[in-house]
Amino acid sequence: MIELGPVEKRLLHETKRGPICAALIDPEDFSPKQAADTAAKAIGAGASLVLVGGSTLASQGRLDAVVRAVKGHVARDKSQVPVVLFPGNITGVSRYADAILFSSLLNSTNPYFIIGAQALGSIEVYKSKIESIPMAYLVFGDNSATSFIGQVNGLPSSKPNLAVIYALAAKYLGMRTLYLEAGSGAGEPIPQGTIQAVRKIYDGILIVGGGITAPEAAAKAAKAGADVLVVGNLLQSSGFEGTLRQIVKTLRR
Ligand code: 1GP
């Protein structure tokens with residue numbers, strides 16, 4: 001019998017009540033102190049989850065320092081928001097995190113990103129004893145760092161059925177979370193129709209990210225059935241808390 005870990009149980013519990021917002025910290029963009037300050041502001045604005053990771057992260061030492069700094073803040077905060085790894089490669093594992101989204105980039109053309117990195121990284125996850133949450137990662141378009149690094153066969157936004165067949169495969173493979181990625185800084189977030197089509201056949205935790213910088217985009221994704229809205233780039237603009245608070249408010253409606 002598979003026993004779900006505490007982070008996954010918490011996410012299931014929270015998303016059952018409605019969509020939540022995740023703040024994504026890329027250790028390439030933030031020093032440990034900046035990361036802790038940014039996470040504190042994001043949590044203050046209502047983020048329910050902090051994700052740490054990025055597609056070009058090279059230094060595991062840097063990741064550890066960022067995760068420890070963020071955890072240091074969370075330890076003092078009553079919300080006890082989980083700090084979860086969102087790895088882009090084998091460098092994305094840190095024993096200081098609460099859990100890892102153990103993901104397979106299903107539409108990569110390179111088996112390394114589908115199962116190779118996972119095999120190489122697995123021993124580190126095993127040793128660190130952190131909770132592992134299986135995730136299918138689907139990347140849209142061909143214009144993002146993620147699509148370039150992950151050598152993806154980018155899903156076209158205009159063909160929801162292609163996303164659906166990958167989502168079905170993820171479901172049948174037992175992947176309990178699914179991330180629809182438009183790419184960090186995407187001009188257009190994942191279209192509502194695509195989220196709706198995937199939501200219809202996928203009953204795990206549905207994560208959507210890329211290009212969400214305003215409450216309207218978050219509201220559309222939430223209405224279409226997303227459980228977790230990931231916000232990354234926005235956190236780098238000064239005074240982002242106001243917009244994030246609006247995004248969270250929109251989700252709670
Ligand atoms: C990237 O989906 C995330 O992996 C977040 O994207 O940086 O555009 O918010 P943004």
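Everything numeric in this text was worked out from a predicted model, so none of it was measured. Order of listing sets the numbers, starting from 1, for every ligand and every atom in it.
Under a hydrophobic clustering in which Ile, Leu, Val, Met, Phe, Trp and Tyr are joined whenever their side-chain heavy atoms come within less than 4.5 Å, directly or via other members, I115 and I90 fall into different clusters. Taking hydrophobic clusters as Ile, Leu, Val, Met, Phe, Trp and Tyr residues chained together by side-chain heavy-atom distances below 4.5 Å, I212 does not share a cluster with I207.
Here's the thing with A186: none of its N/O atoms is less than 3.5 angstrom from an N/O atom of ligand 1. Residue contacts with ligand 1: E181 is placed with a nitrogen or oxygen under 3.5 Å of a nitrogen or oxygen of the ligand (distance criterion only). Any N or O atom pair closer than 3.5 Å counts here, and G211 shares at least one such pair with ligand 1. Considering backbone and side-chain N/O atoms, F86 never comes within less than 3.5 Å of an N/O atom of ligand 1.
Nearest to atom 3 (C) of ligand 1 among the protein's heavy atoms is Y179 OH, 3.3 Å. The nearest heavy-atom contact from the protein to atom 7 (O) of ligand 1 is S184 OG, 2.6 Å. From the protein, the heavy atom lying nearest to atom 9 (O) of ligand 1 is G232 N, 2.8 Å.
Not one N or O on the side chain of Y112 forms a donor-acceptor pair closer than 3.5 Å with the backbone of Q118. A donor-acceptor distance shorter than 3.5 angstrom exists from the side chain of D98 to the backbone of V83, with no hydrogens or angles considered. With hydrogens and angles ignored, the 3.5 Å screen pairs no side-chain donor or acceptor of T213 with any backbone N or O of L234. Of the possible donor and acceptor atoms, none in the side chain of S79 sits under 3.5 Å from a partner among the backbone N and O of D77.
The ligand atoms of ligand 1 that sit less than 4.0 angstrom from a heavy atom of N233 are 7 (O), 9 (O), 10 (P). Those atoms of ligand 1 that come under 4.0 Å of a heavy atom in G185, given as number and element, are 7 (O), 8 (O), 10 (P). For ligand 1, the atoms closer than 4.0 angstrom to any heavy atom of G209 are 2 (O).
Looking at L24 against ligand 1, only its side chain comes within 4.0 Å, counting heavy atoms.
Taking each of G210, A145, A182, A217 in turn, the one with a heavy atom nearest to atom 5 (C) of ligand 1 proves to be G210.
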Residue pair N110, S108: steps toward the side chain to side chain donor-acceptor pair (under 3.5 Å) verdict: CA-CA 5 Å; N110 184 341; S108 176; 5.7 Å; no
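Between the side chains of S94 and D64, a donor-acceptor pair is found at a separation under 3.5 Å.
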